J.: 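Mind looking over this structure? Questions follow.
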Amino acid sequence: MTTPQLRLYNTLTRSKEVFVPIDEKNVRMYVCGPTVYDFAHIGNARPVIVFDVLYRLLRHLYGKDHVKYVRNITDVDDKINARAAERGISIRDLTEGTNRIFQEDVKALGCLEPDVQPRATEHIAEMIAIMQKLIEAGHAYAAEGHVLFAVPSMADYGRLSRRPLDEMIAGARVEVAPYKRSDMDFVLWKPSRDNEPGWDSPWGRGRPGWHIECSAMSWKHLGETFDIHGGGIDLVFPHHENEIAQSRCAFGHDVMANVWMHNGFLQVEGEKMSKSLGNFVTINELLHTDKFGGRSWPGEVLRLAMLKTHYRQPIDWTVKALEEAEKTIKEWRRLLRGASRSNAKPSENFIAALSDDLNTHAAVTEIHKLAVASKSPSGEPYDRQTEMVGCLEIIGFDEFLKELPDQDDVTSDIRKSISEVGAPKAGIDLKKAGQLITARLEARKAKNFAESDRIRDDLLAMGIQLKDAKDPVTGELTTTWEVKR
RNA sequence: GGCCUCGUGGCGGAAUGGCUACGCAGAGGACUGCAAAUCCUUGUAUGGGGGUUCGAUUCCCUCCGAGGCCUCCA
């Protein structure tokens, strides 16, 4: 079997490179997960979806049992402390509750669970071990209950973000704590007051800095070096730069991860998303409220809208784009009516598109092409359908595929449409609608148009729009329908 | 100020040293008892100026424009 060549853009080298796993029986990827202090917003969803697709692609290429995906949960952080105090609840309650919602949100977006979702608070021992190694090696020092990383001790610090060390020192403008040896040194450990969460350590009771968590968790679950490290582009500096510094200096390797991947940012309707602009929107709100565009959106629509833009490009999150994505999904659902899920296999072009630095847009284009081919009366539409199913599995439309309408199941189709429209239309009596549709089809076949039009009007009043068709093979009259907004 | 992206048709958005995908919208046609839907066909684009080249949207320079990071925000 020939494994298609996977090429990924590596921020370290600023170029696309052929991906060669350290161990192709154990391909390892780490992605920075959420800090669980509040609902995840739609920008947070981007890396989750993007790297979910990469995870699925890697599993396809290397085998399900040969890929390990780790996405952490940051459950210790000063923002968490502040938020818990604000709301008058315990830190534990806040992080547990927030994480639960995050998991639900992400599942609704069609993302697989990573193999491991480690929590920062459960890796304090590993953090302490790394800090001790760093201190022994002269890359870190303790001062006034803090542990700091000595940035000047690392000759090629700044390689990922391409910031020369000397310039950074010259340009530092943050007020410098007196215990820092160099302006650039960053915190690995800091002391906690009695009312702050803290753990015992050789340097007293304290809590970890942000960056050390990821070094500890990736080490524990993936080893000293691994294949892919992902996250948002804003994490390049300082977070990922500092992770690299910690892990490389602690373990003495030239690299921490071989490939560093970063997704671009998201804007909302052409503007930066921010609470002050009032365009801040969470995944939960998109899924369950009418805050964005006056309606709620199915997870699969959000997912497709996200994948229509290459992950490194900035993406503009608009109502129009969501509507377009929904239209596409409806079209796919129609074309795949009655399609079988067994023996589904993605087309070669599709895998080639994804293998080119995760070009999800080109991959979606390939699905469109298969859709067109499946419409053609000549040829083998069922093969094209099967390939479409295979493609959709890889980009994570499992739930969508599970709910494909049967060729002749009246109510399942109506039910699906209703779930898309949301609660307001849910008052429709499915059984009655099904009976009416059947009766109307009979009347129409008998050319009793007065009766059939009357029923059609009744159904429209209920919000059900009929669409007549003729079976291309048998010439038999048929009817499909959708729920109108 | 430093570093880094990006400017492709009405909109979204890929790719490429030679013919610029795909989707949406638009237009035309077919089908249909009518409506809706569906099917077929189709117009329209590489920000400005230089350079390299037989040839540039693609490579280089420059100008204009948009955005990001440098502030524990994906």
Side-chain angles (χ1 to χ4, degrees), chain A residues 11 14 31-35 38 40-51 74 77-79 158 161-164 167-168 170-175 186-187 208-214 230-239 241-242 262-267 270-275 280 304-305 308-316 318 320-328 330-331 334-335 353 356 359-369 371-372 375-377 444 447-450 452-453 456-457 459-460 464-470 472 477-482 484:
Chain A
T11 305
R14 303 283 200 273
V31 175
C32 290
T35 300
D38 203 348
H41 58 67
I42 189 60
N44 298 116
R46 193 171 191 192
V48 176
I49 293 173
V50 162
F51 290 105
T74 295
D77 181 278
D78 287 355
K79 280 199 299 284
S161 55
R162 306 222 161 161
R163 287 154 205 266
E167 279 183 23
M168 273 191 286
R173 60 181 197 199
V174 199
E175 75 287 5
F186 57 90
V187 169
W210 179 31
H211 318 300
I212 193 74
E213 303 172 5
C214 286
I233 193 163
D234 58 317
L235 296 182
V236 171
F237 188 90
H239 183 56
E241 198 72 76
N242 291 349
H262 295 95
N263 62 273
F265 249 55
L266 174 146
Q267 291 195 312
E271 287 183 308
K272 179 164 179 163
M273 181 167 67
S274 73
K275 286 187 173 161
F280 190 92
L304 181 61
K308 282 179 79 169
T309 298
H310 184 91
Y311 76 92
R312 281 191 283 122
Q313 291 288 105
I315 187 171
D316 194 15
T318 63
K320 197 179 168 208
L322 294 185
E323 288 170 344
E324 206 173 291
E326 179 166 66
K327 205 172 280 189
T328 300
K330 274 189 178 159
E331 170 76 352
R334 185 177 68 81
L335 290 170
D356 181 15
N359 191 337
T360 51
H361 185 94
V364 170
T365 294
E366 168 66 7
I367 297 177
H368 281 305
K369 286 181 176 168
V372 170
K375 284 190 245 189
S376 162
R444 184 166 154 258
K447 299 210 189 297
N448 183 353
F449 297 124
S452 80
D453 288 357
R456 185 171 67 195
D457 291 345
L459 284 165
L460 191 57
I464 296 176
Q465 171 78 60
L466 296 184
K467 299 182 255 183
D468 291 341
K470 197 187 269 186
L477 297 175
T478 60
T479 297
T480 59
W481 42 83
E482 73 177 83
K484 258 190 115 179

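Remember, predicted model here, so these are calculated numbers, not experimental data. Every heavy atom of this structure was used, including side-chain atoms; hydrogens, water molecules and symmetry mates were not. Quick note on labels: first sequence line is chain A, next is B, and so on, each numbered from 1.
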J.: With a 3.5 Å cut-off and just heavy-atom distances, do the side chain of A/H361 and the base of B/rA21 make a donor-acceptor pair?
T.: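 Pair found.
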J.: What's the CZ-P distance between A/R46 and B/rG68, to the nearest Å?
T.: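 These atoms are roughly 14 Å apart.
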J.: Regarding A/R334 and A/E331, does a basic nitrogen lie under 4.0 Å from an acidic carboxylate oxygen?
T.: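 Result for this pair is yes, salt bridge flagged.
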J.: Is there a donor and acceptor pair, one atom on the side chain of A/R312 and one on the base of B/rC6, closer than 3.5 Å?
T.: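 Side chain to base: no pair present.
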J.: With rounding to the closest Å, how many angstrom separate the P atoms on B/rC3 and B/rU62?
T.: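 The answer is 13 Å between these two P atoms.
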J.: Could you check how far CG of A/L266 sits from P of B/rG67, rounded to whole Å?
T.: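 So the CG-P distance, A/L266 to B/rG67, works out to 16 Å.
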J.: Between the base of B/rG33 and the side chain of A/D453, is there a donor-acceptor distance below 3.5 Å?
T.: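 Side chain to base: pair found, below 3.5 Å.
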J.: How close or far is atom P of B/rC34 from atom CG of A/N448, stated in whole angstroms?
T.: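 Those two atoms, CG and P, are 17 Å apart.
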J.: Between B/rG12 atom C1' and A/Q267 atom CD, what is the distance in whole Å?
T.: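 One finds 14 Å between C1' of B/rG12 and CD of A/Q267, rounded.
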J.: Are the ring of A/F265 and the base ring of B/rG67 both nearer than 5.5 Å at their centres and tilted by less than 30°?
T.: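 The ring of A/F265 is not stacked on B/rG67.
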J.: For B/rG1, give its Watson-Crick or G-U wobble partner with both distances under 3.5 Å, or none.
T.: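 Matched B/rG1 with B/rC70 under the 3.5 Å cut-off.
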J.: Of all the nucleotides listed (B/rG68, B/rU38, B/rC4), which has the minimum atom distance to the side chain of A/E331?
T.: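 Nearest listed nucleotide: B/rU38.
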